[in-house]
Asker: 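Dumping the structure here so I can ask a few things about it.
So that the names make sense, note that chain A is the first sequence line, chain B the second, and so on, each numbered from 1.
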There are 2 protein chains.
Amino acid sequence: MTTKDAEETTGHALDSPSDLGREPQLPQERGGARQGLHARLLAQLGPAITAGEYPTGSVLRADELAERYEVSRTVVREAVRVLESMRLVESRRRVGATVRPIEEWNVYDPQVITWRLAGSDRARQLRSLTVLRSAVEPVAARLAAELATAEQCAELTEHALGMVATSRGQQLDAYLVHDVAFHRVILRASGNEMFAQLGDVVAAVLTGRTQHQVMFVDPDPAAVTLHVRVAEAVRARDAARAEELTREIAVGALAELDILTPEE
Amino acid sequence: MTTKDAEETTGHALDSPSDLGREPQLPQERGGARQGLHARLLAQLGPAITAGEYPTGSVLRADELAERYEVSRTVVREAVRVLESMRLVESRRRVGATVRPIEEWNVYDPQVITWRLAGSDRARQLRSLTVLRSAVEPVAARLAAELATAEQCAELTEHALGMVATSRGQQLDAYLVHDVAFHRVILRASGNEMFAQLGDVVAAVLTGRTQHQVMFVDPDPAAVTLHVRVAEAVRARDAARAEELTREIAVGALAELDILTPEE
DNA sequence: GACTCGAAATCGTCATACTTATTTTCCGCT
DNA sequence: AGCGGAAAATAAGTATGACGATTTCGAGTC
């Protein structure tokens with residue numbers, strides 16, 4: 001059972017509600033009136049495309065979509081415009097919106113990431129994101145060590161200690177909260193806006209990992225210790241050490257991934 | 001032959017030259033301006049917002065925009081939808097599209113990056129991107145060393161040698177071509193789709209650097225040598241060395257940046 | 001003074017007519 | 001028969017008006 005929780009924090013993020021696009025048609029959900037019909041249509045088309053339901057090169061015609069989903073062309077066009085801005089499709093006159101190859105997608109778009117994480121592309125997306133993390137977070141930690149405010153240092157140790165406190169006895173949910181918060185602080189403290197924006201991505205990865213991993217296993221004690229030491233290094237303004245320790249965490253995350261998903 | 005038909009049926013010609021307009025916001029065709037009125041409107045609004053012309057919290061009303069830019073509300077709405085998907089604005093009923101704080105923008109969106117690079121935010125954007133590069137490229141080089149095909153290795157050495165050949169005598173343009181191509185190959189060869197997509201970003205950074213730097217100076221010979229050695233390391237499947245050498249390149253790029261732009 | 005209810009403003013959606021660009025068809029020409 | 005170009009067909013793009021939904025604001029009442 002997919003117990004959902006741990007969605008929180010400020011801002012909106014990549015959380016996809018329990019909206020599984022199994023139904024091939026009819027966005028008829030009177031349950032939750034999300035904002036706007038076009039958003040609902042998007043929530044149908046986006047996952048469908050990223051899941052490969054519409055393969056590369058296939059064409060979406062406006063009238064067809066309008067009829068299929070029982071909305072006006074206006075709504076369809078707005079949704080298509082958004083898909084186009086995500087580079088999922090390319091709209092051409094007299095042809096329609098053709099699905100672009102995956103290499104051209106805006107794979108950094110939070111919405112695209114969410115859709116892919118929710119769909120059949122999950123494993124691949126998770127791997128890409130983890131590799132990205134392994135590249136970014138060590139450098140972010142280095143910068144954080146140089147730039148973090150006293151308050152951010154305090155948050156860091158607070159969450160590191162929180163991880164220690166919740167690392168045993170099946171408290172994975174509580175552990176996850178601290179873990180996510182910890183990495184968010186690091187990324188934000190780096191002072192780089194592009195790093196900071198990866199906070200949601202990291203949250204998604206960590207959440208996904210927790211949900212999909214064997215839930216009985218407590219977190220790796222070594223990883224917990226590393227987090228504590230990173231917090232110490234940042235507080236001590238030891239950039240090199242913060243970077244190196246975070247790199248060790250990243251190595252652990254990659255190794256974990258190799259266990260979970262079969263190598264290609 | 002462009003013959004003007006004096007069509008009075010609609011009486012709405014968007015290119016009527018007599019219309020001078022004291023609110024002259026007539027988006028002319030421009031390089032990069034894709035087909036479609038909405039794209040042209042977007043090309044006006046996007047840069048304006050990212051440049052801070054519309055500060056955070058300011059509101060864009062649909063009718064107002066429609067009148068100001070002399071387009072229909074249909075066009076305005078599509079443009080706003082796209083801005084919304086980029087998280088530049090948030091559209092609410094009865095309020096309009098309010099500009100979000102920069103921390104919430106989709107700073108990885110290629111279009112947003114382009115706009116910011118072209119506007120007043122240029123220096124900051126360049127710095128963010130360079131830091132990102134410094135994090136990603138070393139890891140990408142490591143992966144490339146493990147995964148690159150023979151053909152990619154060949155391309156790599158080819159471009160590295162090309163850099164050597166054009167590194168002296170004011171051939172900066174030719175040098176740039178090889179430089180960009182080199183980094184593109186590395187990113188692509190890493191096998192990570194998210195890294196690969198940063199190729200355009202790196203190209204933008206390198207191009208911007210060349211354009212804004214003193215054009216008389218030939219590239220740093222040390223950097224050129226490093227590229228050659230990276231190519232060698234990748235060919236030799238020496239992942240650790242490829243990573244380390246690329247990290248040295250990144251350090252150089254960061255140092256260069258500190259010279260150009262005053263630190264904050 | 002606080003509370004409620006109604007009116008105004010503005011976005012969201014729909015329907016429709018028309019425009020424009022591109023593809024396809026097909027006719028006439030070589 | 002093959003080829004080239006004009007005409008037709010098609011679907012996206014744009015414009016416009018109408019209506020619905022919702023949020024905000026203000027006026028009137030307790």
Asker: Nearest-Å distance, CD (A:Glu67) to P (C:dA15)?
Answerer: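 Result: 13 Å.
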Asker: To the nearest Å, give me how far apart CD (A:Glu78) and C1' (D:dA12) are.
Answerer: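 Spelled out: CD on A:Glu78 to C1' on D:dA12 is 15 Å.
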Asker: Remember a base hit wins even if backbone is also touched, and classify B:Arg73 as base, sugar-phosphate or nothing at under 4.0 Å, heavy atoms.
Answerer: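 Base contact.
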Asker: Please report, rounded to the nearest Å, how far the C1' atom of C:dT22 is from the CZ atom of A:Arg61.
Answerer: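 These atoms are roughly 15 Å apart.
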Asker: Please give, in whole Å, the distance from C:dG12 P to B:Leu65 CG?
Answerer: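 Rounded to whole Å, this separation is 12 Å.
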Asker: Check the orientation of B:Tyr108 and A:Tyr108. Use parallel for under 30°, tilted for 30 to 60°, and perpendicular for over 60°.
Answerer: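 B:Tyr108 vs A:Tyr108 ring planes: parallel.
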Asker: In whole angstroms, how far is the P atom of C:dG12 from the CG atom of A:Leu42?
Answerer: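 A:Leu42 atom CG is separated from C:dG12 atom P by 14 Å.
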Asker: Tell me: NE2 of A:His38 to P of D:dA21, nearest whole Å?
Answerer: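 About 17 Å, once rounded to whole Å.
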Asker: Whole angstroms only, please: what is the CZ-P distance between A:Arg40 and C:dT13?
Answerer: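 It is 9 Å, rounded to the nearest whole Å.
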Asker: Between B:Met86 and B:Ile49, is the side chain to side chain contact (heavy atoms under 4.5 Å, CB included) condition met? List the steps.
Answerer: CA-CA 12 Å; B:Met86 294 169 175; B:Ile49 293 173; over 6 Å; no
Asker: Taking only side-chain N and O atoms of A:Thr74, does any of them lie within less than 4.0 angstrom of OP1 or OP2 on C:dG12?
Answerer: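 False: A:Thr74 side-chain N/O out of range (4.0 Å or more) of C:dG12 OP1/OP2.
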Asker: Does A:Glu84 come within less than 4.0 Å of A:Arg81, counting only side-chain N to carboxylate O?
Answerer: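 A salt bridge links A:Glu84 with A:Arg81.
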Asker: Is the shortest distance from a Lys or Arg side-chain nitrogen in A:Glu64 or A:Arg68 to a carboxylate oxygen in the other one below 4.0 Å?
Answerer: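 Here A:Glu64 does not pair with A:Arg68 in a salt bridge, since their nearest N and O are not under 4.0 Å apart.
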Asker: Could you check whether the side chain of A:Arg93 and the base of C:dT22 have a donor-acceptor pair of N or O atoms closer than 3.5 Å, going by distance alone?
Answerer: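 Answer no: no donor N or O sits under 3.5 Å from an acceptor.
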Asker: Kindly indicate whether the side chain of B:Arg94 and the base of C:dA9 share any N or O donor-acceptor pair separated by less than 3.5 Å?
Answerer: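 In this structure, the two groups form a donor-acceptor pair.
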Asker: Quick check: on DNA chain C, is the nucleotide nearest B:Ala62 upstream (toward 5') of the one nearest A:Arg92, or the reverse? Name the residue that is more 5'.
Answerer: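 By nearest-heavy-atom nucleotide position, the 5'-most residue is B:Ala62.
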Asker: It should be established whether B:Arg77 places a side-chain nitrogen or oxygen under 4.0 Å from OP1 or OP2 of nucleotide C:dG12.
Answerer: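 For B:Arg77, the contact criterion (side-chain N or O under 4.0 Å from OP1 or OP2 of C:dG12) is met.
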Asker: Using atom CD of A:Glu90 as one end and atom C1' of D:dA12 as the other, report the distance to the nearest whole Å.
Answerer: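 Roughly 14 Å, once rounded to whole Å.
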Asker: On DNA chain C, check which nucleotide each of B:Ala97 and A:Ser72 is closest to and give me the residue with the more 5' one.
Answerer: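 Between the two, 5'-proximity favours B:Ala97.
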Asker: Indicate the atoms forming the closest heavy-atom contact of A:Ala140 with A:Leu187, along with that distance.
Answerer: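 Closest approach of A:Ala140 to A:Leu187, heavy atoms only: CB-CD2, 3.9 Å.
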